[in-house]
Visitor: 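Structure below; questions to follow.
Each chain gets a letter, A, B and so on, in the order the sequences are listed, and its residues count up from 1.
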Amino acid sequence: MVKEVKELVNRPDNTAYTQQRLPAWQPMLSAGIVIPGFVSIGLVFIGIGVALFVTSQSIQVLEIDYTGVEQSSPCFKCSDQTGKKCDCVMNFDIDSLFKGPVFFYYGLSNYFQNQRKYSVSIDYNQLTGDLDYFTNPDDACFPFQNDRNKPIVPCGAIANSMFNDTFQLFQLVNGQKKEVPLDGKGIAWWTDYNTKYRNPSVTPLRNAFNGTVKPPSWPQAAYELDTEDTSNNGFINQDFLVWMRTAALPDFRKLYRRITEGDYASGLPAGNYSLEIVYNYPVLSFDGRKKVVFSNVSWMGGKNEFLGIAYLVIGSLCVLMSIVMLIVYAKFKFPEED
Amino acid sequence: MTWTSPLELVRDALRGQRARDKDLRSLVSNLPYEGLEKGKQPNRYFPGNAIKTTKYSLLLFIPVNLFEQFHRLANIYFVGLAILNFIPVVNAFQPEVALIPICVIMSLTALKDAWEDFRRYQSDRKLNNMPCFIYKKQYMGRHWKDVQVGDFVKVFCNEIIPADLLLLHTSDTNSVCLVEMSNLDGETNLKQRRDPEFEPESFNSIVVCEKPNNNLNHFKCFVEKPDKEKVGAGIESLLLRGCTVRNTDHAVGFVVFAGHETKSMLNNNGPRYKRSKLERKLNIDVIFCVILLFAMCLVGAVGHYSWLQALPGVPPYLVPDSSGHLDSPSLSGFYMFFTMIILLQVLIPISLYLSIELVKIGQIFFINNDVDMYDPDTNSRVQCKSLNITEDLGQIEYIFSDKTGTLTENKMVYRRCSVMGTEYPHKDNAIRLAVLEGEETEEDVIFDQKPQPTKTTRSLDGSLEGNNFVDTRQHHRGRRRRKLSRSASTDVAFSSELETEVVPDRMLLQQLSRAQSSSGSGMIDPYLDFFLALTICNTVVVSMATAQRQRVISHWLPSPSGSKICSICTSCYRKRNRNGTIAEDSVIEEDHIKTPVKGMGSEDMDGLQTCSLHAPSLPVKPAAASDNLSYEAESPDEAALVHAAKAYGFILLARTPDSVTVRLPSGKELVFELLATLTFDSTRKRMSVLVRHPITKEYVLYTKGADYAIMELLGTPYAGMCSGNQKNIAADTQHHLDCYAKEGLRTLCFTKKVVSEKLYESWSVNRQRALAAIENREELVMDSAVELETNLSLLGATGIEDRLQESVPDTIVALREAGIQVWVLTGDKTETAVNIGYACRLLEEEDLVINMNLVFQLLCTSLLDCTLEEVRRYSADPRNVDTTPDISLVIDGRTLTMALESDLRDRFLELAKCCRSVLCCRVTPLQKSRVVKVVREKLKVMTLAVGDGANDVNMIQAADVGVGISGQEGMQAVMASDFSISHFKHLRKLLLVHGHWCYTRLANMIIYFFYKNVAYVNLLFWYQFFCGFSGTAMIDYWLMIFFNLFFTSLPPIMFGIMDKDVSAEVLLGVPELYRTGQGEYKFSTFWVSMLDAFYQSLVCFFIPYLAYKDSDIDVFTFGTPLNTISLFTILLHLSIEIKTWVHWVVMLGSVAMYFIVTLAYSGICITCNPPSNPYWILQSQMADPMFYLLCIITTVVALLPRYRHCYSPCGAWGNFMCLSRQLDRMDPCAREQWIKEWRSFRGSRGVKCSRFSTPSSPNLESPVDIYPQSPTVSDMGDEFTLNVLTDSCERTLHT
C-alpha cells in the first residue's frame, strides 16, 4: 500500500484516555470494611425483616373453599352441574373483629390464565372501544373471533371464560340475616378503568353492539353485565376488568368486592356469617378449586410471611458471616500485625 | 460511439481475457493512437491505474453484504428462528417482533462493514487522484487514475511512483535513478536502476514483458526495437509503484503494469483474518449452549405433554381450534419444542459475535495509541495488521525470535580490526561507544569488560595497558556528561553518530602514517591496501545531501592524517545538531558541565586531566561542515566499514558504474577504474571488486567475505610484506577472528589479489560471455567470479558489532519470567550466537547449557537419548527439587535438520520442552518456519514469531502470531506480520500488558455474555413450570429485546475494551501475572459461570414467586420486578469484576435508560403491542414499597456467592491476582519497593547482571557441556513469598 507523505508527528496523544490511565475505582474489601459492612447490612435486613414479619402477622385472612368436592360441603350438589344455575350457602364464624377495610376475593387454583394461547386471545383495540374492531375482531381472538359469521364482542378466550359466580354475604344476627354491603367500585386498576378500556361513545351503549354477538359462554351481553348500575357495563365493568387482567400464576385470587360501607366499614365484627353463592363456574374439568378469601391489607399488600422471613434469614446470615470472619481474622491476622 | 454487435463485444472480451492471460505481453506506446476510440487502443485490454479495494458498490451493497453475513452460521440460525416464528402452530411471539433482534444485529454489522468500506474508498480516491505527469505531446499534469499501460510517465525527486515503470530516461548524468523502496518492501536503502538509454519521445519499440506477478525481486522483460534488436531488462530497470524517487531530479518511464497489476498491489493482500484460539474455544461453548437449549426445550415439550395428559377434562383456558377440537397432547408437546426454541433462543447470545468485533476494534485502537510503543526515531506506532487476534497476544507460550535486527539494532558499528596479523583493539572507540550508550547498565557492563586481558594482552603493548585506569575514569565521566547533554537537548542524532563516527586506534594510525611515509606514492603497503579495500570493496553509493530525508550523513573532513586523531575528548564533548554542524552553544555548555563534573571527586579530576592530554589535537572543522557526504549502502555492514576507513582518512568520494574516487589521508584524490563488481551471494559468501590502480596501473582484486569463505582461498602471502612472521598472518588473523566471534562481533576478512593483465583479459572474455548468456546466466556469472577469486592474500579482518537493541536483556528476562519460552533462531555462527545469547540474557551463567553440534544422525539419536535421560534424572533427583537448574539448548542448523526428522522429533521436542531457552544457529529461513510449525503442532502451544527481515517471513507466517519489526531491513517482515513494532523491547508491553489485558477482557466479556443470556433466559424457563409449559413470556417482548440490545449490551462491551484487572505498572513489574492470566477462559470457568447463571436465575425467579404467591398479581406485573431484578443482578455481577470508573457511568446510564425507556414505553403504549400490554405497570410497581424490598433482597441473595467467590479468598488465603490488585492501590513508590522485594525473593535471578565473560565454550567434539549450577537460586517457596506479600500489602493498607 502506498503511504502518503508521512506527517512528521505520528505520535499518539498522551492522554489518560488513550493511554488507558483513566481513574479506576473498585471497592477494596479488606476485613476492616467487610466486617462492619456485613454487620450493618445484616442489622438493616433484620430490621426490615422484623417489620415485614410483624406487619404480615397482623393481617387477618379467612379462606373458604366452596368447590364442593367433599360430600359434606354445601356446594357439593352444584359441583357437577356444569352450566346450570345452582345456589349454595356456606356458613362460617368469625371469632374476633376482622379489621376493615376487608377485601373480598374469589380464588381459583390450577387455573392457567397464563397459558400462552389463552393469554394472547384478546383484542385490545376492540376493548378501547374502537368500532372498527367490533365488526372485525383481531385474529388473535380466534376461535372466539366470530360466531356464525357474526363478530363476538368482547372477543377472545379470556373474555369468554369470564368468572361468573356471584356472592352475597350476610351476618346472622339473632337468627336474622343482615346483608353486608359489598362495594364493587374501584376494585380494578384505575388506569384500566379510565384509560385502557373504553366503551364506544355511542348512547345507548347497546347500539354499539348491533350486529355483534356475545361470547358463547356468557349468559348476557357485555352491555348488560350490571343490571343495577348502568354505568358499570360494557368494557368498563369492574368484574370484567379484574378478570381481564390475567393472573401470573395458576393459583390466584381476584378481588371481588370490598367491605367498606355501613356498619362494616371498620371491619367484620365477630359472629356468624352466611355466604350465599350462585355457583356457575365449572372447575372440575381441570381439577380446580374455588374459594372465597377475606383479607385485610397493609402497606405491604396481602399476607405474605415469606419476604419477612427471607430478610430475617439473610440478615442473620450476614451477621453470622461477619462473626466468622472476625474470628478468622483475629486468629490469622492479629499476631502478624504485631 | 458507433454501434457494435453484442457478438463483437463478446469476442472483444474474450480477446482481452486471452491477452491478459498470455505469458508474454507485448506493449507499445499509446502515443501514435492518441485520440482514437477505445476499440482501437492497443493496450485497451490491460487495466488502468485506478485502483479499487472496496468490497461493495453503492447499489449492490445490501445484497452483497447480506450474502457475506449469511456466511456466518449464527446469523442463519437466528434468521431460521425468526422464520420459524411465522409458523402459527409454534410461534411464541408476534411473528414480526421476532425479526427485530436479527435485523438490528445485521444492520449494525452492515453499518460497520459500510464504514470500513467507505474508508477504503476514501483512501482509494486519495490515491487515484494523486498528481503525476503523463506525456501527451508534452508532459501534462494528470492524476494517477489516468495512467494507462503504454503511457510515458515522468516522476520527480521525492515523488511516489504511480505505476510499475520501465525506466527509460533519467536526469542523472550516470543514467541512474535512485528509488527508495521502504514503503513497499525490501530495502530502506536506495537502489540503483540502470537506464537502458532510450529516447522517450521517439519510442517506437515493443516492450515484451512477463505476466504480472507478485515477485518484487524478479522481472523479465525485453525491448524489441523496430530493427528487431532485443535489449533485455530486468528488475533493475523497473520502478515499482509506491517507491519514492530520491536523489534524481526526474526520471521517465514506460508504464508496464498499472493499477491492480502492479507488483505492490499484487503483494498487498489486505488485512489477514486469523481465528484466535479463544474464538475456537468459544465456538465449542456455543455448541454447549445449543445442547443446553435443546435440553431445556425438551423439558418444555415433555412438560407440556404431561401437563395436558394430567388434565381431567377440557378446561376453559385451553383454546381449541375452530371446530372446538384440541390437538392431542403428544402433538402439542412436539409443537411446544419449537415454541420453546423460539422462546429461549437468546440462550445463544445473538449479539456476541458483533460485540466481539466491536471490542476488538476498541482494543486495537488502544494498542495503536500506546505512547510507550511509539518510536520517535522512525515516527511509527505499533500497527495491528490482523484485526482479530488481539487476545492471542495474552496466550503466548513460545516466542521465536530472529537475532539480527530483532534482538540487535542492525546498526553496524565498527569495533576493531586486525591487519596483517596484528590486532588493533580500538579501545578509544569502545569507550566512545560506551559513552554514547550511556545510561544503560547492561551495555556498560559489556563495554567495561570488553578488554579481556586473556584475549588481548598479546596485542597490547605496555603503554596501552597503563591506560586501563584512565579508560574507566573517562567512561564514568562520559556517562554523566551524556546524561546532562541528553537533558539539555534531545534532538541530537545519536544513532547516526554511533554508526558513522569511529575513533581511530592510535597504534594503527601511527602504523599507517609510517607506512604512508615509507611507501611514498607506491601505494603497496598492506596497511594502505587494507584501508583501500575497506573503501572500495563495496557497493556504497555516495550522494550529496539532496535527499530530503535524514540519512546517515557523514562529514567529510579534509584534515591531513597527522592531525586526524579525533580524541576521546572531542567525541565526548562534541555535540551535534541534526545538520552536523557544531552548535555554538555546545562550547558554552562545555564550561557549564565542567564545574559539576569537577565536584564529583578525584576520579573525575583524573579523567579530566587525561582528557586534556588529547585536547590539543582537537581539529577545527566548521568550514567542512557544509560539505557533507551521504553514504547509501545496501547493507549496514558496508556503511560501517566505509565510515571506519573515513576515520583513517580514506574517504570514498564518489562511485559511478565505471569508477571509484577515493581521497587518501594525504589529501590526494585517486580515481580507480572499476572493471568488475562480483556481487555478494549466499553461496560464495563473499564479494569482490576488480579495479585498476591509477598509479601502479595494476589490476587489483579486493575481496571481502566471511572467514570460512576466504580462508580456504588464501594463496600467496602478501607480496611486499616483511618476511619473518608472514605465514603466521593467517593463523593469527584466524585467532583474532575467533576472539571477535566470541565477543559477538560480526567478522569479515579482507584480501587482495593482483591480477596479471593476461589473466584479466582472458577472464574478462569469459565474464562477458557469462553476462550475455540467457540460460543459466546466474550460475555462469557465479562460476566466473569463483574463477577469479583464488590465491588471495590476506590483508586483515574487521570486527563489526551489531549492537543489542535497547532493553533487550530486560525484555527477555521479563518474557521468561512470564513463563514464555524464548527461542532464538539465527543464521550466525554458534560462537557469535552464544555470546549474543549471554549478552541478552537468553542464557545465564549458571544455566545448564546443552550444546548440540553433530554431523551424524546416529550420534544425534544417542545424544538426544542420553541428554534426555540426564535431564530427567536431574529433575527427578530429590536433592535438586528446589534448585532445578534452567536448561538451555544450543543447536546448529545441521543438527536441527536431523532432530526435526520424524523419528527424532518427539525426543527433541521433549528435550526442548525441558529447556528454558533454545538457541538455534546457522538456520535457514525454511528451517526457521519448520521449527515454528513443528513446535506449534506437536506441542499444541501458542507461538509467536518475531523478526525483521525477509528471511523471517516464513517463520512469521507459520506462527500463531507474527510480529514484524520495522527496522533497517525494510518492510517485508512487517507486511507478513500480524503486528508490527519498531523495537524488540516493545514486545514486553505488547504481550505482558496489552496481551494480558486483551485476553482477560475478552475472555471475561465472552463468559459474561454467556452468563448474562443464560441468567436471563432461565427466568422464562422457570416460568414455564407455572404456565403449563405453554411458552408464555411474563416479560413484554419489546422489553426483552431492549434488555439484550440496549440495557445490558454496552457495559460488557466497555468492559471488553477498557477494563483493567491489574494496572500496566504491576503487570510489567510482576511478569508472572501473564501466566496466571492465561487461565482466565477455561472449561471450568465457563461451567462455573453457567452454574452461577442458573443459581442467579433461580433466585431471581423464585424469591418474587414466593413473595407473590397466592396474590392477585397479573402476568406482566409479575414480570416487571423480575426484569428489574435481573437487570440489577446482571449489572452488579459485572461491577464485581470491573475497575474503570467509566464503567460506573455506563452502568448507571444503563439503569437510567432501563427505567426511562420502560416508564415511557409503559406510559404511552396502550394498544401498540397487542397481546402483551404493559400499560402503567412499572409505574404502579414503583409506587409499591414491596417492589423495592423485593429488588434489594433478591439482588443480594443472587450475588452473594459470586461476591464470596471474588473477594473472600483475598483476605485470608491470598490469591495471586487478588494480591496484585491490592498492589495496584498502593502508591507508586511503595509499589516499586514492593516489587523490588518480590524480585529479591524470587531468587537471585533478578539481580544478576549480564556478562560477556567465558561462556560455555562451544566445543565441536564434546557434545554436552554441563555446567553444574551454582547454588544461588534461593527459592523460598511460594508460601513464604506470599506471606511477605500479604504483609506488606496489609501494611500499606493500614497505614
Side-chain angles (χ1 to χ4, degrees), chain A residues 1-3 6 10-12 14 18-20 22-26 28-31 48 111-121 124-125 128 138 140 143 157 161 191 195-196 245-255 285-287 299-302 304 306-307 310-311 314 328 332 336, chain B residues 127 160 183 241-242 268 311-317 319-322 366 369-371 374 376 379-381 1026-1028 1030-1032 1034 1060 1103 1106-1115 1118 1139-1142 1166-1167 1170-1171 1173 1175-1176 1185-1186 1189 1193 1196-1197 1207 1211-1212 1225 1287 1290 1293:
Chain A
M1 197 62 156
V2 181
K3 279 188 221 151
K6 256 191 279 179
N10 192 15
R11 187 188 171 86
N14 194 356
T18 55
Q19 299 312 309
Q20 309 194 53
L22 287 174
W25 178 80
Q26 195 183 33
M28 194 64 197
L29 299 150
S30 63
I48 295 172
Y111 194 102
F112 288 81
Q113 259 205 317
N114 55 14
Q115 217 266 348
R116 182 171 56 86
K117 283 184 181 157
Y118 175 84
S119 66
V120 300
S121 187
Y124 280 109
N125 287 310
T128 52
D138 194 275
S161 63
T191 48
T195 37
K196 203 162 141 186
R245 191 159 275 280
T246 51
L249 300 167
D251 299 341
F252 60 88
R253 59 172 80 149
K254 281 176 184 289
L255 190 56
S285 64
F286 52 94
D287 247 349
W299 57 270
M300 57 170 283
N304 189 309
F306 170 76
L307 209 57
Y311 265 98
I314 298 299
V328 170
F332 295 100
E336 284 178 30
Chain B
L127 276 184
I160 300 170
N183 55 3
R241 177 185 166 119
N268 176 19
L311 287 174
V314 180
Y317 51 78
V319 182
D321 60 15
S322 51
F366 280 120
N369 268 295
D370 193 328
V371 80
Y374 167 76
N379 190 28
S380 59
R381 305 176 179 194
F1026 301 96
C1027 68
S1030 59
T1032 313
M1034 68 293 191
K1060 292 190 289 188
I1103 288 184
L1106 290 169
Y1108 285 122
K1109 206 169 161 241
D1110 284 330
S1111 71
D1112 57 350
I1113 190 100
D1114 69 277
V1115 175
F1118 179 65
K1139 275 193 87 175
T1140 325
W1141 69 264
V1142 183
I1166 300 174
T1167 55
N1173 194 322
Y1175 182 67
W1176 218 252
M1186 284 292 279
L1189 290 176
I1193 186 84
V1196 167
V1197 174
Y1207 286 124
R1225 9 194 98 234
D1287 252 5
E1290 291 299 323
L1293 284 170

Visitor: What part of P1185(B) is in contact with chain A, defined as an atom under 4.5 angstrom from a non-hydrogen atom: side chain, backbone, both or neither?
Guide: side chain
Visitor: What are the two closest non-hydrogen atoms of A1107(B) and L307(A), and how far apart are they?
Guide: CB-CD1, 4.2 Å
Visitor: What residue, out of P250(A), A157(A), S161(A), has the most heavy-atom pairs lying under 4.5 Å from chain B?
Guide: P250(A)
Visitor: Let me know if A140(A) has heavy atoms under 4.5 Å from chain B in its side chain, its backbone, both or neither.
Guide: neither
Visitor: What residue, out of I1193(B), V1196(B), I1113(B), has the most heavy-atom pairs lying under 4.5 Å from chain A?
Guide: I1193(B)
Visitor: Using 0.5 Å steps for rounding, measure from the CG atom of N369(B) to the CD atom of Q20(A).
Guide: 9.5 Å
Visitor: Between V120(A), T246(A), T195(A), which shows the greatest number of heavy-atom pairs under 4.5 Å with chain B?
Guide: T246(A)
Visitor: Go through D1112(B), V314(B), D1114(B) and name the one with the most non-hydrogen pairs under 4.5 angstrom from chain A.
Guide: D1114(B)
Visitor: Would you mind checking which part of F306(A) comes under 4.5 Å of any heavy atom in chain B, side chain (CB onward), backbone (N, CA, C, O), both or neither?
Guide: side chain
Visitor: How many angstroms lie between atom OH of Y317(B) and atom OG of S121(A), to the nearest 0.5 angstrom?
Guide: 15.5 Å
Visitor: State, yes or no, whether a side-chain contact exists between P316(B) and F286(A) at a heavy-atom distance under 4.5 Å.
Guide: yes
Visitor: Are any non-hydrogen side-chain atoms of S1030(B) and F112(A) less than 4.5 angstrom apart?
Guide: no
Visitor: Using atom types as modelled and distance alone, determine if a side-chain donor or acceptor of N304(A) lies under 3.5 Å from a backbone N or O of D1110(B).
Guide: no
Visitor: Quick one: does N114(A)'s side chain have a donor or acceptor within less than 3.5 Å of a partner on V1115(B)'s backbone?
Guide: no
Visitor: Taking the side chain as C-beta and beyond, is there a heavy-atom pair between K1109(B) and D251(A) under 4.5 Å?
Guide: no
Visitor: Which pair of heavy atoms, one from V371(B) and one from P12(A), lies closest together, and at what distance?
Guide: CG2-O, 3.9 Å
Visitor: Looking at chain A, which one of L1189(B), V319(B), V1197(B) has the largest number of heavy-atom pairs inside 4.5 Å, strictly under?
Guide: L1189(B)
Visitor: Which atoms of Q19(A) are under 4.5 Å from chain B, going by heavy atoms: the side chain, the backbone, both sets, or neither?
Guide: side chain
Visitor: Could you grab the distance from atom SG of C1027(B) to atom CD of Q113(A), nearest 0.5 Å is fine?
Guide: 13.0 Å
Visitor: Would you mind telling me which of T18(A), I48(A), D287(A) has the largest number of heavy-atom pairs within less than 4.5 Å of chain B?
Guide: T18(A)
Visitor: Using non-hydrogen atoms and a 4.5 Å limit, figure out which bit of T128(A) sits close to chain B: side chain, backbone, both or neither.
Guide: side chain
Visitor: Looking only at atom types and distance, does a side-chain atom of K196(A) sit under 3.5 Å from a main-chain N or O of Y1175(B), one as donor and one as acceptor?
Guide: no
Visitor: So does A248(A) get a backbone contact from the side chain of Y1108(B), meaning a donor-acceptor N/O pair under 3.5 Å?
Guide: no
Visitor: Taking all non-hydrogen atoms of both residues, which atom of N379(B) and which atom of R11(A) are closest, and how far apart?
Guide: OD1-N, 4.1 Å
Visitor: Is there a donor-acceptor pair closer than 3.5 Å between any side-chain N or O of Q115(A) and the backbone N or O of T1032(B)?
Guide: no
